[in-house]
Amino acid sequence: MRRLKRNWSRLHRLVYVIAILGVVHYLWLVKADLTTPIIYAAVLALLLGWRVLHRVR
């Protein structure tokens with residue numbers, strides 16, 4: 001964090017975007033059974049929702 005200085009916050013924000021894009025990519029890859037990617041999407045939505053909820057408070 002010290003080395004990256006202000007780039008740390010940029011990297012931290014990019015991790016959220018990358019996680020969302022990773023789940024979308026997994027959804028595109030799976031053709032037959034969408035159960036696992038939907039579970040991943042739900043877990044990610046829960047974690048990001050939790051983060052937003054605590055940020056708003």
### Query
Quick one: CZ on Arg6 to CG on Leu4, what's the gap to the nearest 0.5 Å?
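Answer rounded to 0.5 Å: 11.5 Å.
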### Query
To the nearest 0.5 Å, what is the distance between NZ (Lys5) and CZ (Arg10)?
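Output value for this atom pair is 14.0 Å.
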### Test side-chain hydrogen bond (donor to acceptor under 3.5 Å, both in side chains) applied to Arg3 - qualifying residues, sequence neighbours left out
none
Contacts table for residues 35-56: side-chain donor-acceptor under 3.5 angstrom, sequence neighbours left out:
| from | atom 1 | to | atom 2 | distance (Å) |
| --- | --- | --- | --- | --- |
| Thr35 | OG1 | Asp33 | OD1 | 2.7 |
| Trp50 | NE1 | His54 | NE2 | 2.9 |
| Arg51 | NE | Tyr16 | OH | 2.7 |
| Arg51 | NH2 | Tyr16 | OH | 3.4 |

### Query
Does the side chain of Trp8 come within less than 4.5 Å of Leu11's, by heavy atoms?
yes
### Query
Trp28: what forms a ring-ring contact (aromatic ring centres under 6.0 Å, His included) with it, not counting sequence neighbours?
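With sequence neighbours excluded, Trp28 shows a ring-ring contact (aromatic ring centres under 6.0 Å, His included) to no residue whatsoever.
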### side-chain contact (heavy atoms from CB on, under 4.5 Å), paired with Leu21, selected from Val17, Ile18, Val23
Val17
